[in-house]
Every structure is written in structure tokens, then in C-alpha cells.
Asks: 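Let me begin by handing over the structure; questions about it come next.
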Amino acid sequence: MKKLAIFDLDGTLLNTLADLAKATNFALAQQGFPTHETDAYRTFVGNGINKLFERALPATQRDPETILKTRSLFVPYYNAHNADFSKPYPGIPTLLTALQAKGMKLAVASNKYQAATSKLIAQYFPTITFQAVYGQRDEIPSKPDPTVIHVICKEANINEADIVYIGDSHVDMETGKNANVCTVGVSWGFRPRSVLEDFHPDFIADTHEELLQYLLSD
């Protein structure tokens, strides 16, 4: 059994797609830009909100100034509405509780901005003690850069060989590989299973039961 499990947030622990789509569409509409169906956001998210806006904006409007304007409209709205429709994926609270009971340390490494990451973790998993909760921070490069994994590893005083990183996207698979840690994909998130398979993670879980069994195995 690994000593530390680090989880991605969006698409892994929580289904946040509807709230992300609603907030981005609000910011787009405020500027007179076309909006998108919720499912379109499955391919927009994963690299932080600035990249989300770049992908959602019209191709001719992806300049830094428009991205920053979109962010200024998105953040207050999302801060007020980021839990309107979001919820844990089936079995996730049970999974985290079981891992915690077995003595495994838990952490979060997300490309969602820090304030929202901290708020959602505290709201949806109040009984879980996380070793660290890292969202996007100015001083740490975004995933798939492995820095955030190394920082958590150092804080927890646990070697990379005893760590597993779990996520739902190609960004997460690259992050785990770049950090040289055991990497697990979950197929219930924002990307199809085939995307995960292309990156050859150590394991792909289709249910929380499969993930729990894998994480508790020797």
C-alpha cells in the first residue's frame, strides 16, 4: 500500500463541470461572446482557468487582455456559484474515508485556483484530513509540471516511490509521469477512457471500488 495518495479535484473527486460551464458562459455573455453547451467544457478544462478562457473565447479574441477581462467576470460569479451543481462522484466520500482509516495520507493537487480549491474541499469533505490542498498558485507552475507533486512530497516527508497520483485527464497522466510517481487514471471524469489509455498509467479505475482495491493492495 502506498503511503500518500494525491488527487486531482475537478473530474476526479468532484463533478464540477456544470458550475464551470455556467460561470464561463456568464463571463462570455457579459462581453457579447457566444456561449457553449456544458459538454463542450469537458475539453476546455484541465490546464487552469486562463487556458479555459482561451479555449472558450472566439479564436479572434484570445488576447491576454480579453482573457484577463474574462477572468475578472468569471471569478466573482464562480466564487458565489461554484457549489450550485457540483457534487462528489459516486463513492468518493466512502473511498476517502476508507483510505484515511487505513492510515494512508491524502492530498489534493489541482489546477483550479487556490481559493476555490480550498473552499470546495472544505465544503464537500469536512471529515477528511488532507496532508495538503494545493490549487493553482503563482509561485508553482501549473500541471503537467510536476513541481506541485514534489512540493507535497517534501511537505509530507514521503518518497516518490510511496506516492500515487490520481486524476481523470491527460494533464494528470503527464503530471504523474513527470513526477516519477505511480499514476492512476479514473474513467468517470471529463475525458474518455481512451485518452487515459494513450498515456499508459499504472492503472485505470472505472469505479471507486476498483480504485480502493488498487490503492489498498500491496
Side-chain angles (χ1 to χ4, degrees), residues 1-17 42 45-48 86-112 117-118 120-121 124-125 128-136 140 142-153 155-156 158-218:
M1 187 177 81
K2 300 295 186 183
K3 296 180 179 178
L4 170 65
I6 305 175
F7 290 87
D8 172 52
L9 179 59
D10 299 270
T12 302
L13 296 178
L14 295 178
N15 185 349
T16 56
L17 193 67
R42 292 182 182 276
V45 301
N47 296 89
S86 296
K87 58 183 179 181
Y89 284 100
I92 290 299
T94 300
L95 167 76
L96 296 176
T97 299
L99 294 175
Q100 183 170 261
K102 290 292 187 178
M104 183 178 287
K105 293 184 177 181
L106 307 172
V108 172
S110 174
N111 275 344
K112 183 187 289 293
T117 300
S118 298
L120 291 172
I121 287 295
Y124 287 105
F125 307 111
I128 303 300
T129 300
F130 288 92
Q131 179 74 24
V133 175
Y134 273 81
Q136 192 174 50
I140 298 179
S142 298
K143 301 180 298 182
D145 186 286
T147 299
V148 65
I149 304 299
H150 295 319
V151 169
I152 294 173
C153 174
E155 285 186 6
I158 294 176
N159 293 326
E160 282 87 353
D162 292 318
I163 292 175
V164 56
Y165 180 64
I166 302 128
D168 72 300
S169 73
H170 65 285
V171 174
D172 298 312
M173 301 304 96
E174 289 181 275
T175 302
K177 297 289 186 180
N178 291 341
N180 197 33
V181 298
C182 178
T183 304
V184 173
V186 298
S187 65
W188 55 73
F190 299 160
R191 299 295 199 278
R193 198 180 202 277
S194 59
V195 170
L196 303 175
E197 292 171 345
D198 288 342
F199 287 85
H200 307 288
D202 295 283
F203 184 71
I204 298 176
D206 296 316
T207 66
H208 79 277
E209 292 96 343
E210 289 181 4
L211 180 57
L212 180 62
Q213 183 178 7
Y214 178 81
L215 293 177
L216 294 182
S217 64
D218 292 331

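None of these values were measured; they are calculated from a predicted model. Keep in mind that the numbers below use all heavy atoms, side chains included, and drop hydrogens, waters and symmetry copies.
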Asks: So which atom in Asn47 and which in Pro144 form the shortest heavy-atom distance, rounded to 0.1 Å?
Replies: ND2-CD, 4.3 Å

Asks: Would you say the side chain of Ser110 lies within less than 4.5 Å of the side chain of Asp10, judging by non-hydrogen atoms?
Replies: yes

Asks: How long is the straight-line distance from CG of Asp162 back to CE of Met104, given to the nearest 0.5 Å?
Replies: 10.0 Å

Asks: Going through the distances and angles, do Phe125 and Leu14 end up as a side chain to side chain contact (heavy atoms under 4.5 Å, CB included)?
Replies: CA-CA 10 Å; Phe125 307 111; Leu14 295 178; 3.8 Å; yes

Asks: Show the numbers, then the answer: is there a side chain to side chain contact (heavy atoms under 4.5 Å, CB included) between Asp8 and Tyr165?
Replies: CA-CA 8 Å; Asp8 172 52; Tyr165 180 64; 3.6 Å; yes

Asks: Under a 3.5 Å distance rule, please check whether Asn111 uses its side chain to pair with a backbone N or O of Lys143 as donor and acceptor.
Replies: yes

Asks: Kindly write out the residues that satisfy side chain to side chain donor-acceptor pair (under 3.5 Å) with Thr183, not counting sequence neighbours, or none if the list is empty.
Replies: none

Asks: For Phe203, give me all partners under ring-ring contact (aromatic ring centres under 6.0 Å, His included), at least two apart in sequence or on another chain.
Replies: Tyr214

Asks: Taking the side chain as everything from C-beta on, heavy atoms only, tell me whether Tyr134 gets closer than 4.5 Å to Glu155.
Replies: yes

Asks: Please determine whether side chain to side chain contact (heavy atoms under 4.5 Å, CB included) holds for the pair Ile121 and Leu13, giving the CA-CA distance in whole Å, both sets of side-chain angles, and the decisive distance to 0.1 Å.
Replies: CA-CA 9 Å; Ile121 287 295; Leu13 296 178; 4.2 Å; yes

Asks: With a 4.5 Å heavy-atom cut-off, do Thr97 and Ile128 have their side chains touching?
Replies: yes

Asks: For Gln213, is the CD atom crowded, meaning more than 12 foreign heavy atoms sit under 6.0 Å from it?
Replies: no

Asks: Can you find a pair of side-chain heavy atoms, one from Val164 and one from Leu215, that are under 4.5 Å apart?
Replies: yes

Asks: Does Thr16 reach the main-chain N or O of Ser86 with its side chain, forming a donor-acceptor pair under 3.5 Å?
Replies: no

Asks: Rounded to the nearest 0.5 Å, how far apart are CG of Leu95 and CZ of Phe7?
Replies: 5.0 Å

Asks: Please confirm whether the backbone N or O of Thr147 pairs with a side-chain atom of Asp145, one donor and one acceptor, at under 3.5 Å?
Replies: yes

Asks: Can you see which heavy atom on Arg191 is nearest to which on Asp168, and at what distance?
Replies: CB-O, 3.6 Å

Asks: Please list all pairs meeting salt bridge (charged side-chain N to carboxylate O under 4.0 Å, His left out) that have one or both residues in residues 199-214, counting only residues at least two apart or in different chains.
Replies: Arg193-Asp206

Asks: Rounded to the nearest 0.5 Å, what's the gap from CG on Leu120 to NZ on Lys112? Could you check?
Replies: 5.5 Å

Asks: Can you name the nearest heavy-atom pair linking Ala179 to His150, along with the distance?
Replies: O-CE1, 3.6 Å

Asks: Using a 3.5 Å distance criterion without hydrogens, assess whether the side chain of Asn178 forms a donor-acceptor pair with backbone atoms of Pro146.
Replies: no

Asks: Looking at every non-hydrogen atom in both residues, tell me the closest pair between Ala109 and Ile149 and how far apart they are.
Replies: CB-CD1, 4.2 Å

Asks: If you look at every heavy atom in Gly185 and Pro201, which pair is closest and at what distance?
Replies: N-CB, 4.2 Å

Asks: Just how far is it from atom NZ of Lys3 to atom SG of Cys153, taken to the nearest 0.5 Å?
Replies: 11.0 Å

Asks: Looking at CG of Leu99 and NZ of Lys2, how far apart are the two atoms once the value is rounded to the nearest 0.5 Å?
Replies: 14.0 Å

Asks: Stepwise, does the side chain to side chain contact (heavy atoms under 4.5 Å, CB included) test hold for Ile152 with Leu4?
Replies: CA-CA 10 Å; Ile152 294 173; Leu4 170 65; 4.0 Å; yes

Asks: Under 3.5 Å, side chain of Lys177 to main-chain N/O of Asp172, donor-acceptor pair present?
Replies: no

Asks: Output the distance between atom SG (Cys182) and atom CD1 (Ile166), rounded to the nearest 0.5 Å.
Replies: 8.0 Å

Asks: Under 4.5 Å between any side-chain heavy atoms of Glu197 and Ile204, yes or no?
Replies: yes

Asks: Ignoring hydrogens, what is the shortest heavy-atom contact between Gln136 and Ser142? Give both atom names and the distance.
Replies: NE2-OG, 2.6 Å

